[in-house]
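To keep things clear, I will list the structure first and then write my remarks on it.
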Amino acid sequence: MPNVSRKAGRRRSGAKGALAGPGRVAVTLAVIAPLCWLPQAGFAAHAIGRMADGAGVSGVVYDAIGFILFGLLRAALDALSGRLAFTSARRELTTSRMSALAALAGRSPVDIGRPSSGQAASVIAEQAEMITPWLSRYVPARMKAVVVPLVIVAAILPFSWIAALALLLTAPVIPLFMALVGMGAQKASEKQLSRMGDINAFLIDRLRGLATIRTLGAVSDTAKRLRVEADDLKRRTMAVLKIAFLTSATLELFSALGVALTAVYVGFHLLGFIGFGAWGGKLTLSEGLFVLMVAPAFFEPLRELSAVWHDRAAGEAAHKALTALAEQGMPLPTSQDTSDDAPGNASGTGPATGEAALLAENLRYTHPGRETPTLEAFSLSVAPGEKIAIMAPSGAGKSTLLSLIAGLAAPEAGSLLLSGHSPAKAREACEIAWIGQSAHVFSGSIAANVSLGRDEVDAGAVASALAVSRLSHVAESHGRAPLGEGGTGLSGGEIVRLAIARAAASAKARLILADEPTAHLDAATADLVTDSLLDLAKGRTLVVVTHDAALAARMDRIVTLAAEEGA
Ligand SMILES: Nc1ncnc2c1ncn2[C@@H]1O[C@H](COP(=O)(O)OP(=O)(O)OP(=O)(O)O)[C@@H](O)[C@H]1O
């Protein structure tokens, strides 16, 4: 997955890059379809001319057939191009979403600059949808607006240079004005989307912390802030709409002017009041009608472009937001980033005889944005099956060290090997089980929270994991009843044991990392957790970070972070 995210950094940006394969075919067909009106208008004008000259219905049969055939062709091309454009836009949307998701999944949890869940959810789920109308409607409409008017002018020019000139003079004003308005629209749209993301992030965040907000009496302040944010979003949405209306009004004005000029010229020319403009000759009724019928089609693509103009601003802003999600951040180390393998230790093979389960030498790590390193010249060796406790004052870097061992961040200097492999490789091979300070409990049954949807964790594995963590009776009493999101329905000690059960269900885990598993628990519960942890660690290596002297005393060895430094 991280590979995908890196590729995402080089991804094409803008509609040009985003539209490929069937998308290009769709655009080509979308451009050809309206041009079918040219032969249609030709047949119609010819038929009316002939009828005016006294021909009967039989004299215009071929014109009628031609008119109908081109009408059918146009309908078919319209339908096909619409379908192709839609499917290719959906494909592009899926690819962009996948890249953003892969990049998010490939970001280190240690990275404090990660976008909030609400922000990411808003961009990926909601805002991303705006890419579909942008690619499926705006992109074909833009191409039509460039090609179709030029072809129509070229078709009118041989009959009347003045009619062609009237169209050509009014037309450039439209794109020029629309571009000016469009710049504002883009900015307004970006601001509106970013505001929408902020509100979503704010809402999700506050919903998660509802209990805290309620107990501290901050409900009405939160509601007030939400109202202010919602009002601001409303103002920004209105700004976008105003720009959209302004664009349509401009276009209608100039296109009406252009068609009226052409109609006035053709009418007066046919009546004989204006003699010039037809290359020295005089337009026949059919020619005049042809020019008259084709003139509105000159403005049609511009009108269509105006109708979908807002799609561009919203779509590009959404594309930008998705690309930003896919590009930024501190990546999760991967085994490909590190030349980790000691000779003879191919992937999947066990540790070499006598090889340390964990060997850290001269580690240095500085959190992004911090000036001083959290870890400096830290060394440690842990034998396979050994159980150690790491103790140090708060803020000394114990959790940071566990993150490095778990392969969630890469050390700046020094070397770190787990049974001869890089931590990233061990993590990818599911050889590390992590019991964090606060396990996330998903909404679902206890069993589902243990298995986490892992294929290899069947009902038997869940039952033995629950037994190891001494949670069997709790699981029985809950049955299939779902736990509330965030762990409502379980005590603090039970949540820690749930995390131990998850680790116990990881059959491949050889190294267990536990970050203060007994914090905030009473002595009896802490004892129970310690028993579970030691059961879990049978035949495995255990590294536990703790301030709890009783838990540390039950390990094989206690390592103090400061004492190991410089070792
Ligand atoms: N993701 C992060 N980004 C930036 N700085 C961080 C990050 N995580 C921790 N820090 C900083 O690094 C230092 C060490 O933090 P760490 O959590 O590793 O300490 P600790 O020894 O585990 O503390 P405690 O015992 O209180 O859990 C602290 O100063 C902390 O503010």
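As the structure lists them, so they are numbered: ligands from 1, and atoms in each ligand from 1. Everything quoted here is computed from the prediction, not taken from an experiment.
Although no hydrogens or angles enter the test, the distance criterion places a donor-acceptor pair under 3.5 Å between the side chain of Ser422 and the main chain of Lys425. In this structure a side-chain-to-backbone donor-acceptor pair under 3.5 Å is present from Lys387 to Gly385. At distances below 3.5 Å, at least one donor-acceptor pair connects side-chain atoms of Ser379 with backbone N or O atoms of Asn362.
For atom 17 (O) of ligand 1, the nearest non-hydrogen atom of the protein is Ser399 CB, 3.6 Å. Nearest protein heavy-atom contact of atom 26 (O) of ligand 1 is Ser394 OG, 2.5 Å. Protein heavy atom nearest atom 31 (O) of ligand 1, with residue, atom name and distance: Arg370 NH1, 3.4 Å. Atom 28 (C) of ligand 1 has its closest protein heavy atom at Gly395 O, 4.1 Å.
Within the structure, ligand 1 lacks Ala392 among the residues with a heavy atom less than 4.0 angstrom away.
Side-chain N/O atoms of Thr132 and Arg90 include a donor and acceptor closer than 3.5 Å.
The N/O atoms of Pro368, backbone and side chain alike, include none that comes under 3.5 Å of an N/O atom in ligand 1.
At a threshold of 4.0 Å, the pair Arg97-Glu129 counts as salt-bridged, since one of the basic side-chain nitrogens sits closer than that to a carboxylate oxygen. A salt bridge is absent between Lys320 and Glu316; no separation between the charged side-chain nitrogens and carboxylate oxygens falls under 4.0 Å. Between Asp232 and Arg236 there is a salt bridge, since a side-chain N of the basic residue sits under 4.0 Å from a carboxylate O of the acidic one.
Counting atoms of ligand 1 from 1 in the listed order, those under 4.0 Å from a heavy atom of Glu516 are 24 (P), 25 (O), 27 (O).
Here His367 has side-chain heavy atoms under 4.0 Å from ligand 1, and that is the only part of it that gets that close.
Considering each of Thr372, Val110, Thr400, the one bringing a non-hydrogen atom nearest atom 15 (O) of ligand 1 is Thr400.
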